[in-house]
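No hydrogens, no waters, no symmetry mates; every other heavy atom, side chains included, goes into these values.
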Amino acid sequence: MVYHILVASYSNEIVTLTFDPTVPSLEVTSKLTVGHHPSWIASSPGYPELVFTGLEQADGKILTLGKDSEGRLHKIAEVSSAGSDPCHLVVVKNELVIANYSSGTVGFLPIHRDPKLASAMTPASIQLSGTGPNTSRQESSHPHQVVFNEEYQELFVADLGADKVLRLSKTEDGAWKVIGEIDYEPGGGPRHLAFHNGDMFTLLELSSKLTRHRVPRLPRQPTFVTSTPTMSQPLPQPNEMLAAEILISPATTSFPTPYIYLSNRDDPSPEGDIISIFSFGAGLKERERDGGKLELVNEVRTGLRHLRGIVFSGPEGRYLIAGGANGGGVKIFERTDGGKGLRFVVGNESIEAPTGFSWL
């Protein structure tokens with residue numbers, strides 16, 4: 001079986017790659033020029049023929065793109081993102097939720113398949129406010145990711161600028177409203193997060209730490225469990241090796257134990273940036289027995305520079321794709337040793353400034 005992969009970037013293009021693990025090969029099969037820095041791609045099973053990207057620019061734009069079975073794209077609509085520098089998108093039922101980094105706004109855009117309706121939409125928005133002690137990065141709110149918690153029917157927004165994760169819920173009139181917040185260490189800068197068994201794991205970009213909270217339903221309040229550096233080596237001060245992405249692997253027959261995978265950027269090593277792999281007591285009994293401990297079990301040198309997005313796919317989440325925005329192109333790894341290791345499979349160094357991925 002071959003796989004088609006869309007590659008977001010800090011260029012002006014979205015590239016489609018075709019991965020054949022039997023050869024193995026990773027080839028460019030199509031490209032679409034869309035505009036300045038389409039750095040994130042979002043898709044949804046509810047809209048299998050559509051994908052969405054944001055242009056990271058002062059007048060942020062959201063593009064609705066159509067795709068075929070081989071990942072060839074065409075533009076359907078372009079509208080405002082309701083802010084500046086949209087850096088993350090997520091589809092929640094029939095709307096697209098947008099994290100506008102520089103303006104500190106979260107946008108909400110109804111999704112339509114019809115090009116005329118899609119082009120006529122104006123997103124609603126919520127303005128966030130807050131600051132942190134890092135004056136060069138935390139002068140105002142900077143939402144960096146939005147995650148939908150299906151169990152709670154809530155949005156969780158990582159605000160790097162305010163050292164908070166905000167909780168949003170829908171009101172009776174269908175609008176999203178902030179209903180709670182989770183505070184982090186001053187200057188930590190929450191960037192991305194993931195959930196597992198009622199726990200929330202947050203990657204702090206500015207301090208390169210991984211934190212764990214227990215997050216029950218409101219009105220019960222979250223509790224801090226633990227925090228640990230994302231890498232084994234001591235970080236330079238000020239920290240110039242920034243944590244980027246967090247994934248929790250699915251539990252499957254071949255990989256029964258979930259692990260946390262983290263990407264780290266700008267390592268000075270000639271072997272490139274690291275993907276860190278953590279065990280975390282994924283089962284409820286393990287969590288109670290171990291007290292929620294986070295244990296670094298492996299660090300994999302990738303040969304990539306400024307490693308940002310990483311994504312699982314393939315049977316049982318067997319493959320992981322990663323890209324170096326400042327060098328190394330795109331590489332695919334296979335998970336080994338029950339998920340504690342990664343083996344390089346194939347790469348393509350021709351891809352310019354890759355930042356995110358969507359497997360089709």
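Here the OG1-CD1 distance, from Thr105 to Ile98, works out to 8.5 Å after rounding to the nearest 0.5 Å. Summarising the geometry, atom CG belonging to Leu204 is positioned 10.5 Å from atom CG belonging to Leu193; distances are rounded to the nearest 0.5 Å. Taking CG of Leu296 as the reference point, atom OG1 of Thr228 lies at 7.5 Å (rounded to 0.5 Å). Taken to the nearest 0.5 Å, the OH atom of Tyr184 stands 10.0 Å off from the CG atom of Asp163. The distance from the CG atom of Leu63 to the NZ atom of Lys75 is 5.0 Å, given to the nearest 0.5 Å.
A donor-acceptor pair under 3.5 Å is absent between the side-chain atoms of Gln153 and the main chain of Ser169, judged by distance alone. Between the Thr230 side chain and the Leu210 main chain, no donor and acceptor come within less than 3.5 Å of each other. The main-chain N or O of Ile111 is never found under 3.5 Å from a side-chain atom of Asn94 such that the two would form a donor-acceptor pair. Side chain of Asp85 to backbone of Gln57: a donor-acceptor contact under 3.5 angstrom is found. A donor-acceptor distance shorter than 3.5 angstrom exists from the side chain of Thr355 to the backbone of Ser9, with no hydrogens or angles considered. With hydrogens and angles disregarded, a donor-acceptor distance shorter than 3.5 Å links the side chain of Glu316 to the backbone of Thr253. Using modelled atom types, no side-chain atom of Asp159 and backbone atom of Ser141 make a donor-acceptor pair closer than 3.5 Å. Proximity of a side-chain donor or acceptor of Asn149 to a complementary backbone N or O of Tyr152 within less than 3.5 Å is detected. In this structure, the side chain of Asp267 does not engage the main chain of Gly272 through any donor-acceptor pair within 3.5 Å. Counting only distance, with no hydrogens or angles, the side chain of Asn239 and the backbone of Leu206 share a donor-acceptor pair below 3.5 Å.
Within the 4.5 Å cutoff, the side chain of Glu240 has no heavy atoms near those of the Asp266 side chain. Counting only heavy atoms from C-beta outward, the side chains of Arg113 and Glu49 approach each other to under 4.5 Å. Taking 4.5 Å as the limit, every side-chain heavy atom of Gln233 sits out of range of all side-chain heavy atoms of Glu299. No side-chain heavy atom of Leu109 sits less than 4.5 Å from a side-chain heavy atom of Phe52. Counting heavy atoms from C-beta on, the side chains of Leu294 and Ile260 come closer than 4.5 Å. For the pair Val28 and Leu17, the minimum side-chain heavy-atom distance is below 4.5 Å.
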Validation: residues 35-43 side-chain donor-acceptor distances under 3.5 Å, sequence neighbours left out:
unit_1	atom_1	unit_2	atom_2	d
His36	NE2	Glu56	O	3.4
His37	NE2	Tyr10	O	3.0
Ser39	OG	Glu56	OE2	2.5
Trp40	NE1	Leu89	O	3.3

For residues 217-226, which side-chain N or O atoms pair as donor and acceptor with protein atoms under 3.5 Å away, sequence neighbours left out?
unit_1	atom_1	unit_2	atom_2	d
Arg217	NH2	Glu151	O	3.0
Gln221	NE2	Pro219	O	3.1

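Each of Ser254, Ser249, Ser313 was evaluated against Arg318; a single residue qualifies, Ser254, per the side-chain contact (heavy atoms from CB on, under 4.5 Å) test.
Contact check on Glu95 versus Lys170 returns a salt bridge, with a Lys/Arg side-chain nitrogen under 4.0 Å from an Asp/Glu carboxylate oxygen. With salt bridges taken as basic N to acidic carboxylate O contacts below 4.0 Å, one links Glu205 and Arg265. Here Glu245 does not pair with Arg308 in a salt bridge; the nearest charged N to carboxylate O distance is not below 4.0 Å.
The hydrophobic clustering, which links ILVMFWY residues whose side-chain heavy atoms are closer than 4.5 Å, places Leu203 and Tyr259 apart. Cluster annotation: Ile14 and Leu360 are assigned to the same hydrophobic cluster (Ile/Leu/Val/Met/Phe/Trp/Tyr, side-chain heavy-atom contacts under 4.5 Å, transitive).
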Could you go through the side-chain contact (heavy atoms from CB on, under 4.5 Å) check for Asp199 and Arg212 one step at a time? CA-CA 7 Å; Asp199 283 4; Arg212 183 175 194 166; 2.7 Å; yes
Please step through side-chain contact (heavy atoms from CB on, under 4.5 Å) for the pair Ile321 and Phe19, ending with a clear verdict. CA-CA 10 Å; Ile321 189 168; Phe19 168 48; over 6 Å; no
Show, in sequence, the C-alpha distance, side-chain angles and deciding distance for Val215 and Arg167, and conclude whether the side-chain contact (heavy atoms from CB on, under 4.5 Å) test is met. CA-CA 11 Å; Val215 181; Arg167 303 177 70 165; 3.8 Å; yes
Start with the C-alpha distance between Ile5 and Ile332, add both sets of side-chain angles, then the distance that settles side-chain contact (heavy atoms from CB on, under 4.5 Å), and finish with yes or no. CA-CA 11 Å; Ile5 305 161; Ile332 291 179; 4.0 Å; yes
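With hydrogens and angles left out, the side-chain atoms of Ser227 and Glu185 include no donor and acceptor closer than 3.5 Å. In the model, Asn264 has no side-chain atom that pairs as donor or acceptor with a side-chain atom of Ser208 under 3.5 Å. A donor-acceptor pair shorter than 3.5 Å can be found between the side chains of Asn134 and Ser136. Of the N and O atoms on the side chains of Ser84 and Ser102, not one donor lies less than 3.5 Å from an acceptor on the other residue.
Atom CD of Gln127 has more than 12 heavy atoms from other residues, nucleotides or ligands within 6.0 Å. By the 6.0 Å contact criterion, NZ on Lys340 is open, its count of non-hydrogen atoms from other residues, nucleotides or ligands being 12 or less.
Taking the six-membered ring where the residue is Trp, the centroids of Phe156 and Phe195 are separated by under 6.0 Å.
Taking the salt bridge (charged side-chain N to carboxylate O under 4.0 Å, His left out) definition, one finds that Asp68 meets it with Arg72, sequence neighbours left out.
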